[in-house]
Protein chains: 2
Amino acid sequence: MSERSLVTLEDVAQAAGVSPATVSRVLNNTAAVRADMRERVLAAATSLAYTPNSHAQALARATSQVVGVICHDIGDPYFAGIIRGVMRMASEHDLHVTLGSTFGDQEREIAYVGMMRGQRARAILLIGSGFEDAAWQEAMGRELDRYVATGGRVTAVSRHRGLHVDAVLPQNRTGAAELARAMVELGHREFAVLSGPATLTTAADRLAGFRDGLARAGIELRPDQVVEGAFNRDGGYAAATELIRRGLRATCLFAATDLMAVGVLAALRNHGLSVPDDVSLTGFDDIPLVQDLTPPLTTVALPLEEVGRRAMAMALRRGTTTRNRVERVQGRVVLRASTAPPPPSGRP
Amino acid sequence: MSERSLVTLEDVAQAAGVSPATVSRVLNNTAAVRADMRERVLAAATSLAYTPNSHAQALARATSQVVGVICHDIGDPYFAGIIRGVMRMASEHDLHVTLGSTFGDQEREIAYVGMMRGQRARAILLIGSGFEDAAWQEAMGRELDRYVATGGRVTAVSRHRGLHVDAVLPQNRTGAAELARAMVELGHREFAVLSGPATLTTAADRLAGFRDGLARAGIELRPDQVVEGAFNRDGGYAAATELIRRGLRATCLFAATDLMAVGVLAALRNHGLSVPDDVSLTGFDDIPLVQDLTPPLTTVALPLEEVGRRAMAMALRRGTTTRNRVERVQGRVVLRASTAPPPPSGRP
DNA sequence: CTGAAAGCGCTTACAG
DNA sequence: CTGAAAGCGCTTACAG
């Protein structure tokens, strides 16, 4: 069988004895067609197993079914969870999702937008926080503006400073503040934070929120009790190790993401520290499985799938004004066994 | 700014004062072009921020950059891990990955293939086991044959009975057999299996392999000590609960996937059983985080990212013969603290 | 080395 | 209701 044996609209038309225009109308239900022709077209299309060439359709219609989804790392349960929601929504709307995973490379993120512009994606979803980097914001902003100028829609999940796009915003700051308050209510007074890269807005927001919450109780976070690490398990492990090296002067630790918290837990254990007996530990996100850790992790639960669904829904719904739309998604503090009142000694 | 203000090849040609053909040649490096024209074209393309319409290219070239990737559930760390590898490879080769997540719906899997055929995807990756279902195999086989007949390449990860496609095959059967042997060596004689849906080849293979391994030691698996559950955490929980209800006559449990094992662990704990003191527990896959459970999980480690990379590589490399190619990927038994010699009593 | 022209597979005014 | 024709934005023989 030859490689170019694709069945075309033309083939269906010939088989059915009608014009290509008629086939198109029947298949797209775009105009009334006499019943018998309709039948013949449908029969021919079925028997030839005809599938329209979506590229030809995109070209002729000047609009495609493609939606671009860009995330930092598809292997991270946080992104996988959100994209799960995106996929649910996409399949309900018969959209073609093109996936981009940047692996933290800012350049690649911009390149993906260009690629999706080339695909004439009807919408682009930016999943995951932006970078606090002026040059990147400049370049990314230009690239997105070009895309938007040609009718594209962009929805971001998490805050992207410097980019004027619609957004679904997990309330990182208030979530972290509430978590801090809950920990203060448990009796803690000395805290340390295992934070993410300062260049990520999500990391910055969570740290700021945690500070807010403590401040309201008159508690300050000492600079040497904040350690940065990569937004993953090993980043948490490394940051916790560094914190211990500096001298752990806290009864409660806040890891900026659950994934980091898992690494922190391992590091604490390897240093002979028990959670929560020696020190309490909290995370953020509530990814699957952290409820199955020992002890189960106290965290701020974000409805990840819901976030994905809403981002996709927002991108599909054209705005009525030119103002950027924003939907806030609250996190919910979930207290589990990884946190407890501080030990009587006050310090491990 | 009007919506149809996309910059076209034609615009670049006019700006540069050359023909569209020349622009195409310069941009694609597809023929020598006089240096000065070349410069002008490049300058014009840059200043207009021109990005070729990939649909028009796909149409004119009769081949696209699209690769379709279909998995059962993008939210499952097993698939997310494999797809992570796929994305790495894809970005190195400038491919556009279209993602499909079936959520276990067989129909939808077939529909995705059709959609990707419509996109003229140059390859389709089927990630995740096939179904032991004659009707599905029939329909899926037809759909894939149509795709292959038009020059498409299909690579499956895991066994797909009834489909003649290239495949990367995690050695589920031998991996499970080796795991069984390792457990026998630890001293276990009484086993139970929390298996996945019998309709999934992966579940069937792992169960069969575990039986193989036991058989070699002259040990049989009693039918009532095999319980099926969904391939996820809650499936493991439910299956373990059922097993306990039936009477746990085993000192070692094998959950068909790590995700199930997490649920099993929770169920055991809720029934006051300790791992590994009362009963040993093993999984399969070695997804991230199971090494951080308490106790860390003994499992059969599969190099997930590597599997994804190889599947993509195989799809890109045209076969020299018409015979289907197969690459086997060995799992490696990783002993962790969730397994130990059986308790002296022999039974919990 | 360069351009005019045909063609990729659709859709959609435009006539009838 | 139906068809012939133009057009979507590229690429690529074909001439020159």
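The chains referred to below are lettered A, B, ... by the order of the sequence lines, with proteins before strands, and numbering in each begins at 1.
The CG-P distance, from L59(A) to dG7(C), rounds to 17 Å in whole Å. Atom-to-atom, CZ of R117(A) to P of dG9(D) comes out at 14 Å; the value is rounded to the nearest Å. Regarding L27(A), its CG atom lies at a distance of 16 Å from the P atom of dG9(C), rounded to whole Å. If you take CZ of R38(A) and P of dG3(D), they are 15 Å apart, rounded to a whole angstrom. Summarising the geometry, the separation between CG on N29(A) and P on dC1(D) is reported as 13 Å, rounded to the nearest angstrom.
Within the 3.5 Å criterion, the main-chain N or O of G128(A) finds a donor-acceptor partner in the side chain of H160(A). With hydrogens and angles ignored, the 3.5 Å screen pairs a side-chain donor or acceptor of D11(A) with a backbone N or O of T8(A).
Taking the side chain to side chain donor-acceptor pair (under 3.5 Å) definition, one finds that N28(A) meets it with S24(A), R61(A), sequence neighbours left out. With sequence neighbours excluded, no residue forms a side chain to side chain donor-acceptor pair (under 3.5 Å) with S64(A). Shown here are the side chain to side chain donor-acceptor pair (under 3.5 Å) partners of D145(B), two or more places apart in sequence or in another chain: there are none. Under the rule for a side chain to side chain donor-acceptor pair (under 3.5 Å), the partners of R310(B) that lie at least two apart in sequence or sit in another chain are E327(B).
For dG3(D), the OP1/OP2 oxygens have a side-chain nitrogen or oxygen of T22(A) closer than 4.0 Å.
Spacing between dA5(D) and dC1(D) at atom P, rounded to whole Å, works out to 23 Å. Taking atom P in both dC10(D) and dC14(D), the straight-line distance is 24 Å, to the nearest Å.
DNA chain D contains the following stems of three or more consecutive Watson-Crick or G-U pairs, with both distances under 3.5 Å: C:1-3 with D:14-16, C:5-12 with D:5-12, C:14-16 with D:1-3.
The aromatic ring centroids of H72(A) and F103(A) lie 6.0 Å or more from each other.
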When you compare the protein's N or O atoms with those of nucleotides 10-13 of chain D, which come within less than 3.5 Å of each other, and at what distance?
from	atom 1	to	atom 2	distance (Å)
dC10(D)	OP1	Y50(B)	OH	2.8
dC10(D)	OP1	N53(B)	N	3.4
dC10(D)	OP2	L9(B)	N	2.6
dC10(D)	O5'	Y50(B)	OH	2.9
dT11(D)	OP1	N28(B)	ND2	3.0
dT11(D)	OP1	Q57(B)	NE2	3.0
dT11(D)	OP1	R61(B)	NH2	3.0
dT11(D)	OP2	S24(B)	OG	2.6
dT11(D)	OP2	N28(B)	ND2	3.3
dA13(D)	N6	R25(B)	NH2	2.9

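Look at E138(A) and R142(A) and you find a salt bridge, because one of the NZ, NE, NH1 or NH2 atoms lies within 4.0 Å of a carboxylate O, short of that distance.
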Is there a ring-ring contact (aromatic ring centres under 6.0 Å, His included) between H96(B) and Y112(A)? Walk through the geometry before answering.
CA-CA 9 Å; H96(B) 305 178; Y112(A) 270 129; 9.0 Å; no

